[in-house]
Amino acid sequence: QVQLVESGGGSVQAGGSLRLSCAASGDSAEPVCMAWFRQAPGKERDWVAFVRIDGPSLYTDSVKGRFTISRDRAKNTLYLQMNSLKPEDAAMYYCAADRGRYEYSSCASTGRYPYWGQGTQVTVSS
């Protein structure tokens with residue numbers, strides 16, 4: 001079992017920055033992949049970034065160079081540093097954790113993740 005609690009969302013002007021945090025707790029195996037997804041009203045939940053326990057991370061094209069995903073294993077916390085925010089980044093941001101098993105499914109797929117946070121809202125004004 002893994003519980004995820006997000007924080008750090010808010011409202012910023014275009015070009016500003018936010019850092020999202022996702023605190024994980026529970027007795028399950030440490031996740032192999034942890035990821036951030038985002039969902040705007042009336043839209044699908046889209047993958048933003050993931051980081052694997054062995055280090056590699058990937059980003060969706062629209063956030064490359066602006067967002068940085070990181071993972072503090074000692075603190076069981078996932079972060080998303082968001083810089084140069086754009087209005088199109090506005091969404092509810094969700095963190096996700098897998099079961100702690102190496103699997104063939106993509107870490108960018110919602111289907112990999114049984115554990116989700118409640119989401120934190122990010123608003124970007126132009």
Side-chain angles (χ1 to χ4, degrees):
Q1 297 290 327
V2 175
Q3 295 79 46
L4 304 174
V5 180
E6 301 188 20
S7 62
S11 181
V12 298
Q13 296 183 23
S17 298
L18 285 172
R19 188 181 74 160
L20 308 183
S21 299
C22 176
S25 61
D27 296 326
S28 298
E30 186 176 9
V32 173
C33 294
M34 297 188 74
W36 290 97
F37 293 79
R38 64 188 182 187
Q39 186 172 26
K43 302 292 182 64
E44 298 293 323
R45 186 170 297 188
D46 293 327
W47 169 70
V48 176
F50 71 76
V51 59
R52 301 201 305 190
I53 194 169
D54 54 337
S57 59
L58 287 175
Y59 302 85
T60 193
D61 285 344
S62 63
V63 308
K64 287 180 179 177
R66 300 188 297 118
F67 290 11
T68 303
I69 189 170
S70 60
R71 179 175 175 178
D72 188 331
R73 295 178 63 189
K75 296 181 179 179
N76 298 315
T77 302
L78 179 73
Y79 301 97
L80 185 68
Q81 178 67 48
M82 304 185 294
N83 298 325
S84 302
L85 282 162
K86 303 175 180 179
E88 52 263 43
D89 296 318
M92 185 73 73
Y93 281 72
Y94 300 90
C95 63
D98 69 14
R99 294 178 175 87
R101 300 166 59 184
Y102 285 92
E103 301 174 2
Y104 294 110
S105 58
S106 173
C107 293
S109 173
T110 58
R112 184 184 179 95
Y113 299 101
Y115 307 115
W116 294 83
Q118 294 297 307
T120 186
Q121 182 69 50
V122 172
T123 302
V124 184
S125 60
S126 60

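Without hydrogens or angle criteria, Thr123 side chain to Ser11 main chain gives no donor-acceptor distance under 3.5 Å. Judged by distance alone, the side chain of Asp98 and the main-chain N or O of Cys33 form a donor-acceptor pair under 3.5 Å. No donor-acceptor distance shorter than 3.5 angstrom exists from the side chain of Gln81 to the backbone of Ile69, with no hydrogens or angles considered. At distances below 3.5 Å, not a single donor-acceptor pair connects side-chain atoms of Trp47 with backbone N or O atoms of Ala35. Between the side chain of Ser109 and the backbone N or O of Cys107, no donor-acceptor pair lies under 3.5 Å. At distances below 3.5 Å, at least one donor-acceptor pair connects side-chain atoms of Arg112 with backbone N or O atoms of Ser105.
Using bins of under 30°, 30° to 60° and over 60° for the plane-to-plane angle, the ring pair Trp116/Tyr113 lands in the perpendicular bin.
Using a cutoff of 4.0 Å between basic side-chain nitrogens and carboxylate oxygens, Asp61 and Lys64 are scored as salt-bridged.
With values rounded to the nearest 0.5 angstrom, Leu20 atom CG is found 9.0 Å from Cys95 atom SG. In this structure, the separation between NZ on Lys86 and CZ on Arg66 is 4.5 Å, given to the nearest 0.5 Å. Atom OG in Ser7 sits 13.5 Å away from atom CD in Gln118 (nearest 0.5 Å).
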side-chain contact (heavy atoms from CB on, under 4.5 Å) between Phe67 and Leu85: does it pass, once the steps are laid out? CA-CA 9 Å; Phe67 290 11; Leu85 282 162; 3.9 Å; yes
Would you please test Val12 and Met82 for side-chain contact (heavy atoms from CB on, under 4.5 Å) and show each step? CA-CA 11 Å; Val12 298; Met82 304 185 294; over 6 Å; no
Step by step, would you call Ser17 with Asn83 a side-chain hydrogen bond (donor to acceptor under 3.5 Å, both in side chains)? CA-CA 4 Å; Ser17 298; Asn83 298 325; 2.9 Å; yes
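No more than 12 heavy atoms of other residues, nucleotides or ligands sit less than 6.0 Å from atom CD of Glu44. Crowding of Gln121 atom CD: a count of heavy atoms from other residues, nucleotides or ligands under 6.0 Å exceeding 12.
Cation-pi geometry between Arg38 and Tyr94 is not met: the NZ or CZ atom fails to fall both under 6.0 Å from the ring centre and inside 45° of the normal.
Under the 4.5 Å side-chain criterion, counting only non-hydrogen atoms from C-beta, Val51 is in contact with Leu78.
Closest of all the heavy-atom pairs between Pro31 and Ala97 is CG-CB, 3.7 Å.
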